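What follows is a short report on a single structure.
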Amino acid sequence: MKHFVLPPVMVFIWIFLTVSVHSQSPAVVNIGAIFTYNSVIGRAAKIAMEAAVSDVNADPTILNGTELKLLTDDAKCSVFLGAVGAFQVLQKGVVAIIGPQSSAIAHMISEIANGLQVPLISYAATDPTLSALQFPFFFRTTQSDSYQMAAMADLIDFYGWKEVIAIFVDDDYGRNGISALGGELGKRALTIAQKFPLPIHFDLNDITDTLNKSKLLSSRVYVVHLNPDPKMRFFTIAQKLQMMTSNYVWLATDWLSTTLDSSSPLSKTSLHILQGVVGFRQHTPDSSRKRAFASRWRKMVDEGSASSELNTYGLCAYDTVWTVAHSIDKFVKEHRKITFSFDDGLLKMNLTKLQLSKLRVFDGGSLLRRTLLETNFTGLTGQVQFNKEDRNMVSGSYDVINIDQMAVQWVGYWSNSSGFSILAPENLKSEKNSNSHLDQKLKKVTWPGGSTERPRGWVIADDERPLRIGVPYRASFVEFATKLNNSHKMQGYCIDVFLEARKLVPYDVPYIFEPFGDGHSNPNYNDLVQKVNDEVFDAAVGDIAIVTNRTKIVDFSQPYATTGLVIVAPVHNSKSSAWVFLKPFSVEMWCVVAASFIMIAVVIWILEHRVNDDFRGPPKRQLVTMFLFSFSTLFKTNQENTVSPLGRMVMVVWLFLLMVLTASYTASLTSILTVQQLSSPITGIDSLVASNWPIGYQVGSFSYSYLVDSLYIARSRLIALGSPEEFERALRQGPTNGGVAAIIDELTYVELFLSKQSEFGIIGQPFTKSGWGFAFKRGSPLAVDISTAILKLSENGELQRIRERWFCKTGCPGEGKRHAEPNQLHLVSFWGLYLLCGIFTLGALLVFLLRMIWQFAHYKQQQRESSHSSSVSSKAHCSHVISSFINFIDEKEEAIKKMFHHENRQDQI
């Protein structure tokens with residue numbers, strides 16, 4: 001075995017190179033930090049960053065031989081001072097800037113960082129727009145509000161609310177955060193009803209004015225997106241305005257949890273103000289390192305070296321220092337010197353008084369940025385890793401919290417990959433079920449007022465601001481909707497339907513009816529619907545047809561009446577049919593009547609054949625007699641009489657049935673012959689459109705726009721008619737005398753008109769299908785609840801009873817015209833009578849057959865006894881017995897009795 005020994009020269013060279021390399025590592029690396037010292041986030045961040053720098057410098061595995069130095073500057077919540085502070089720390093040769101906590105300041109410093117190629121890593125700026133390609137040197141170690149607003153939109157959707165009110169601070173952080181919320185809500189078909197910005201330095205009066213304005217809206221779900229506020233001024237004012245009650249829902253972004261976590265244990269009074277509020281807290285997985293740091297923090301608080309409790313932004317600030325340290329360590333280990341160079345543009349400018357010429361560009365800025373993108377380690381907040389596209393954290397998750405019973409209660413988690421769950425996101429991933437959004441769960445939430453039942457989230461109206469409902473003030477067909485004379489009350493069929501539906505809505509709806517129109521002519525219904533869209537009215541109740549152009553601007557309830565456009569024209573009597581005598585009975589009824597005559601003929605013959613000579617004789621004569629007797633009962637001319645008691649019983653029931661049938665037939669035929677059979681030269685809408693005759697329409701109806709826009713009828717042919725009297729006069733005058741050939745109107749009006757007219761009729765069938773409904777503002781929840789109530793009214797029959805109460809005092813309009821043969825009689829009207837007749841008939845036949853069987857058996861027994869031989873009888877075939885039974889039945893009753901008498905005498909002898 002050979003031993004290799006390094007020559008002394010080689011050892012000397014290796015030592016020299018090692019020392020040379022270490023001599024290139026900087027002794028100190030400066031990093032800057034811009035934040036507001038005296039703020040909720042800043043107080044915790046300052047302590048956390050100082051602790052992190054101390055830990056980095058004490059760790060020999062990172063930046064060995066190089067000291068990390070933190071240079072800080074106070075932004076004092078000012079964009080201007082924050083920018084000045086950035087210039088001051090940049091003049092000291094920093095390779096990265098941590099912060100700022102304000103999104104507005106971050107926008108400004110990001111532009112500076114771009115110019116000098118110094119990475120900017122923020123632990124608290126959550127504005128989603130900072131992730132734009134415009135700021136390639138901006139990194140974020142906290143969650144972007146794009147995640148938080150997706151969580152907020154999921155929460156709103158989870159509880160089924162459709163719209164919210166957003167209150168936010170009017171800066172980049174507030175505006176862009178709420179803009180992201182609006183985008184996320186839009187993906188879920190939800191909306192922000194109103195946005196209320198607050199000044200950056202708002203006071204109590206600003207909060208009061210904003211909340212008072214919001215109370216005028218129907219939505220009661222609030223999303224509050226402010227900066228941390230230890231005084232809780234916003235919710236203090238909300239409580240004073242009695243807005244922390246069961247009618248309201250308060251959803252807060254993570255500013256609330258940050259405030260609560262940072263403050264010393266709050267008094268019970270402060271927590272009582274927040275009763276029922278639901279908010280988010282950035283989720284940080286539990287770990288031994290996190291617990292140890294929290295214990296260390298509590299010790300600092302007890303010693304007085306920490307003036308704030310630990311919050312999630314403090315944890316993010318701690319991890320941010322370590323993120324920068326890891327990247328610098330990797331940068332230095334790759335033998336890259338930390339150098340700066342002057343910017344030629346700044347040198348050429350005369351900025352000596354501002355001393356901006358001292359600013360230098362970090363030569364390795366782009367390389368350090370690339371190193372930061374490759375960051376991947378486990379910190380106090382969990383996995384620290386950047387998304388290369390937007391430089392945000394790879395995953396986003398939040399705790400869902402609820403203030404209840406003077407404490408902060410945890411109710412679940414949200415993550416961008418799994419939605420809501422009662423399991424922590426890291427546990428979901430381990431169970432490999434984190435990709436499903438189908439199983440969304442949260443624990444029970446206690447809402448304002450102490451209820452655990454989900455609040456409705458909106459109010460339609462209250463006593464101070466009742467629902468303003470527009471009602472058409474009709475001049476004609478006032479049965480549907482109009483104003484009572486000399487009063488402010490509205491009445492009509494449509495009004496009654498609405499009032500009954502309102503009773504079934506599961507909450508109180510204060511309202512006032514406001515007439516629309518002058519009462520001298522019918523109002524334009526398109527204008528009424530437009531008033532709802534313009535929010536002049538909150539709703540419109542009346543005979544409002546649901547048509548396409550109206551559904552584009554308002555929401556309609558479920559139709560409570562079916563209607564459609566029909567043609568009304570003068571009609572005249574047509575000639576009666578030669579077969580009119582068949583019309584009183586339906587085909588089914590005629591078949592049953594014919595079968596009844598045949599059945600009665602057969603049954604009476606069976607019952608009378610043995611006792612009545614009229615029903616005996618040759619088969620041909622018996623057949624003729626049988627059917628003549630049956631049909632002659634119709635005219636009461638039959639010559640034959642029934643003799644048997646069973647036959648007479650059947651005849652009584654049959655004659656009663658026949659009497660009822662005859663009377664019904666006579667009445668129906670009389671009605672058919674006296675009712676006018678109407679016809680018209682107009683055969684339908686096509687023939688009417690093809691002609692040049694003038695056409696009438698009702699003032700205010702949608703029929704005018706339909707005739708012009710859909711059927712392309714010239715406006716000159718259309719004549720406006722305002723009342724039933726004008727309808728009648730125009731139709732009587734006709735097209736040649738200044739009238740009209742026909743009127744096109746909705747079926748419901750036409751039926752009411754024709755109920756008082758006999759010279760006019762409906763031509764053909766309705767050529768459009770529509771219905772009447774109530775109009776509401778777009779997105780109004782009341783439209784859904786009223787629709788549900790209308791369905792209930794229809795199911796329990798109340799809708800029909802309301803109609804009958806208004807229009808059926810002397811017979812419902814249109815009922816006689818909706819059936820082809822209104823006077824025709826059907827079997828269903830007589831089935832009870834037929835059943836009774838059938839029972840008696842079959843009963844009589846059964847009694848007769850039983851009696852015959854008994855007589856036949858008795859007769860055969862006597863024959864066997866007289867012949868003293870049973871062998872012949874026992875060997876008789878079945879066919880012989882049946883033949884003997886038929887012959888026995890065919891014998892006259894008197895002959896049978898003689899046979900029994902003769903046999904008895906022989907027995908006595």
Side-chain angles (χ1 to χ4, degrees), residues 460-461 466-505 508-525 527-529 531-532 536-546 556-563 698-701 722-727 745-756 771-776 782-783 786-787 789-790 792-794 796-814:
I460 294 299
L467 199 70
R468 297 181 60 194
I469 301 177
V471 179
Y473 188 3
R474 296 190 60 88
S476 63
F477 296 107
V478 295
E479 295 88 345
F480 295 105
T482 193
K483 178 182 175 182
L484 286 174
N485 293 330
N486 301 322
S487 74
H488 296 288
K489 295 183 178 180
M490 309 297 292
Q491 71 170 11
Y493 163 68
C494 305
I495 304 299
D496 284 0
V497 172
F498 174 77
L499 294 179
E500 288 298 323
R502 176 180 167 270
K503 294 178 182 177
L504 299 178
V505 174
D508 184 41
V509 184
Y511 68 93
I512 54 172
F513 286 135
E514 296 188 9
F516 178 73
D518 56 13
H520 300 297
S521 62
N522 294 333
N524 188 300
Y525 281 59
D527 293 343
L528 174 60
V529 173
K531 292 288 185 183
V532 177
V536 175
F537 295 129
D538 298 308
V541 169
D543 46 338
I544 307 171
I546 304 174
F556 277 96
S557 68
Q558 175 80 13
Y560 61 87
T562 302
T563 185
Q698 184 184 174
V699 174
S701 172
S723 66
E725 292 76 17
E726 293 184 14
F727 280 22
D745 204 358
E746 294 178 68
L747 178 62
T748 315
Y749 300 123
V750 169
E751 288 180 341
L752 189 59
F753 169 68
L754 293 181
S755 65
K756 302 173 184 178
W772 285 353
F774 305 133
F776 300 90
L782 187 57
I786 287 290
S787 294
I790 289 173
K792 291 179 181 178
L793 291 177
S794 177
N796 63 26
E798 184 61 27
L799 205 59
Q800 179 62 24
R801 287 190 286 273
I802 296 173
R803 181 176 183 273
E804 291 172 356
R805 191 163 60 242
W806 275 97
F807 306 116
C808 299
K809 295 177 182 177
T810 58
C812 294

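The model shown is predicted, which means the values in this text are computed figures rather than measured ones.
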Tightest non-hydrogen contact, residues Cys494 and Gly542, listed as SG-C, 3.5 Å
Inter-residue atom distance Leu484.CG - Met490.CE, 0.5 Å rounding:
8.0 Å
How are the rings of Phe516 and Phe537 set to each other: parallel, tilted or perpendicular (split at 30° and 60°)?
perpendicular
Would you call the rings of Phe807 and Phe480 parallel, tilted or perpendicular if under 30° counts as parallel and over 60° as perpendicular?
tilted
I need the minimum non-hydrogen distance between Ala475 and Gly519, along with the two atoms involved.
CB-O, 3.4 Å
Distance, nearest 0.5 Å, that separates CD of Glu798 from CG of Asp496:
9.5 Å
Nearest heavy-atom contact between Leu528 and Pro472 is CD2-CD, 3.9 Å
Rounded to the nearest 0.5 Å, what separates atom CD in Gln491 from atom CD in Glu479?
9.5 Å
Where do Val699 and Asn522 come nearest, in terms of heavy atoms and distance?
O-CB, 3.4 Å
Check Lys503 with Glu500, please: is the shortest side-chain N to carboxylate O separation under 4.0 Å?
yes
Pair Glu751 + Arg803, salt bridge at N-O below 4.0 Å:
yes
Determine the interplanar angle of the Tyr749 and Trp772 rings, folded into 0 to 90°, and report it as parallel if under 30°, tilted if 30 to 60°, perpendicular if over 60°.
tilted
Between Ser787 and Ala783 (side chain of the first, backbone of the second, donor and acceptor by atom type, cut-off under 3.5 Å), is there such a pair?
yes
For the residue pair Ala501 and Ala789, what are the closest heavy atoms and their distance?
O-CB, 3.3 Å
How about Glu746 and Thr748: does a side-chain donor come under 3.5 Å of a side-chain acceptor?
no
Given 3.5 Å as the limit, does a donor-acceptor pair link the side chain of Thr563 with the main chain of Leu747, or not?
yes
Less than 4.5 Å apart, any side-chain heavy atom of Phe774 and any of Ile469?
no
Would you call Phe498 and Tyr560 a side-chain contact if the rule is heavy atoms closer than 4.5 Å?
no
For the NZ atom of Lys531 and the OH atom of Tyr525, what is their distance to the nearest 0.5 Å?
16.0 Å
Backbone N/O of Glu514 and side chain of Arg468: donor-acceptor pair under 3.5 Å:
no
Any donor-acceptor pair under 3.5 Å from Ser723 side chain to Ser476 backbone
no
Can you find a heavy atom in the side chain of Arg502 that is under 4.5 Å from one in the side chain of Val497?
no
Side chains of Asp538 and Tyr511: do they bring a donor and an acceptor to under 3.5 Å?
no
If I compare all heavy atoms of Ala540 with all of Val532, which pair ends up nearest, and what's the gap?
CB-CG2, 3.7 Å
Do Phe727 and Asp745 come close enough that some side-chain heavy atom pair is under 4.5 Å?
yes
Between Asp518 and Ser521, is there a donor-acceptor pair closer than 3.5 Å when you use the side chain of the first and the backbone of the second?
yes
Under a 4.5 Å cut-off applied to non-hydrogen side-chain atoms, are Arg474 and Asp543 in contact?
yes
Side chain proximity check, Ser557 to Phe776, heavy atoms < 4.5 angstrom:
yes
